[in-house]
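Below is one structure, written out as structure tokens, with a few remarks after it.
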Number of protein chains: 2
Amino acid sequence: MTTADRLVESTRELLWERGYTGTSPKAIQQRAGAGQGSMYHHFTGKPDLALAAIRRTADEMRAQAEAQLSAPGAAVDRVTAYLRRERDVLKGCPIGRLTQDPDVMASPTLREPVEETLGWLRERLSQVLAEGVARGELDPALDARETAATVVAVLQGGYVLARAAGSVEPFDQAVTGVLGLLAARVVDPAA
Amino acid sequence: MTTADRLVESTRELLWERGYTGTSPKAIQQRAGAGQGSMYHHFTGKPDLALAAIRRTADEMRAQAEAQLSAPGAAVDRVTAYLRRERDVLKGCPIGRLTQDPDVMASPTLREPVEETLGWLRERLSQVLAEGVARGELDPALDARETAATVVAVLQGGYVLARAAGSVEPFDQAVTGVLGLLAARVVDPAA
DNA sequence: GTCTATAAAGAGATAGAC
DNA sequence: GTCTATCTCTTTATAGAC
């Protein structure tokens, strides 16, 4: 891994753990095993490095979601697979957490990948649910767009509850709860 | 309002806007119109002041939730009233956001009110839903605890989506979505 | 109680040698 | 490309006068 790569990876970890405000250039350099001169040679400063880190994390998150959501199978099963996927629940969502960082939200450049990624995720889930309705798997009265927002919100909020509780339990409950509600809208093939 | 009160109120605002790490004693003093000597006379330091601020916010949040949830009426209506209550959506939840503050979560003292408040909220919503089931308003198969976690997660996650989008829309969609799912579990009195 | 002075440490860079 | 030196602000206090 090149020095530039190690700097980006260290920044990704620190942004996840401590957020933008809580992450200093010095901490990034130490974790990457690079000196100041090295960091300012490859990047113009903290915002530039953060942008590279956020973009890489956003790309990764999108690819992982797409892996579950584009799989073959019923819409509910794909949504279930996505929600039940192994996650570092107590660390939270590396993109969602940036939403609480005032300096990130104040910068159109840094904010853009955050907005784009969560917007894409809602849209993609909406497609999957709409497909389920079109195929006769789900209640035609189900609003795909709203339900997609609900599912993404359960994920993001589940992280918050888990971190507050210091336990994965509320996250699992919230996911199980929304899947239970969704199951009631699955059209019974026997009916 | 006393100087101590103004300091606590300023801290509450700043914790909401910028989080614990992003809030400096100097910023607190300026917003409160108080000098350093004044602040350090009334409080031992930033953590002490933050604790007072967090506790006050937690008490307020609990009282507001209780106002909707203890009202007369059907369980679904009370949950709806709670979710639909007027909120400063783009500012997010002043308690939930602290979950992303590593220094808050690392301090058992600062963390306690956060954990307590969100734990109480899940428990209280669970009671309301269980009551709905017991009264025959809701499908007996509905798991009150899990559904309560889902509802609280939708709120917390809805804030995240709204902030990411820079718009209240995804929050409203997520809330409408979960209420739509819940409506399908309401027992039809005509049946 | 509130004010001003002082200060050690960290944040976030820039400059120039190697 | 990487290193060390230097620099300006900010953070988070403490000390002591008023």
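Chain naming here is simple, since letters A, B, ... match the order of the sequence lines and numbering starts at 1 in each.
Using a 4.0 Å heavy-atom criterion, one finds that A:Thr23 contacts the sugar-phosphate atoms exclusively.
In terms of heavy atoms, B:Val133 sits closest to B:Pro140 at CG1-CA, 3.8 Å.
For B:Ile28 and D:dT10, the CD1 to C1' distance is 14 Å, given to the nearest whole Å. Rounded to whole Å, atom P of D:dT10 lies 16 Å from atom CG of B:Leu14. The nearest whole Å value for the distance from the CD atom in A:Gln36 to the C1' atom in C:dA17 is 15 Å. The separation between B:Asp48 atom CG and D:dT12 atom P is 15 Å, rounded to whole Å. Nucleotide D:dT4 holds its P atom 16 Å from the CE atom of A:Met39, rounded to whole Å. Spacing between atom CG of B:Asp103 and atom P of D:dT11 amounts to 14 Å, rounded to whole angstrom units. Rounded to a whole Å, the NZ atom of A:Lys26 is 15 Å from the C1' atom of D:dC7. Atom OH of B:Tyr40 and atom C1' of D:dA13 are 5 Å apart (whole Å).
When hydrophobic clusters are built by joining Ile, Leu, Val, Met, Phe, Trp and Tyr residues whose side-chain heavy atoms come closer than 4.5 Å, directly or via intermediates, A:Leu51 is not grouped with A:Met39.
Distance alone, capped at 3.5 Å, is enough to place a donor-acceptor pair between the B:Asp101 side chain and the B:Thr21 backbone.
For C:dT2, the OP1/OP2 oxygens have a side-chain nitrogen or oxygen of B:Thr3 closer than 4.0 Å. Contact annotation: A:Lys46 reaches the phosphate of C:dG12 (side-chain N/O to OP1 or OP2, under 4.0 Å). Side-chain nitrogen and oxygen atoms of B:Ser24 include at least one within less than 4.0 Å of the OP1 or OP2 phosphate oxygen of D:dT11. Contact annotation: A:His41 does not reach the phosphate of D:dC3 (side-chain N/O to OP1 or OP2, under 4.0 Å).
When only modelled atom types and interatomic distance are considered, A:Thr117 and A:Arg55 share no side-chain donor-acceptor pair under 3.5 Å.
Among D:dT12, C:dC3, C:dA11, the nucleotide with an atom closest to any side-chain atom of A:Pro25 is C:dA11.
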Exercise for review: Go through the steps to decide whether A:Val76 and A:Glu137 satisfy the test side-chain contact (heavy atoms from CB on, under 4.5 Å), and finish with yes or no.
Suggested key: CA-CA 8 Å; A:Val76 180; A:Glu137 298 165 10; 5.6 Å; no
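Nearest-nucleotide assignment on DNA chain C puts the 5′-proximal partner with A:Gly22, out of A:Gly22 and A:Gly37.
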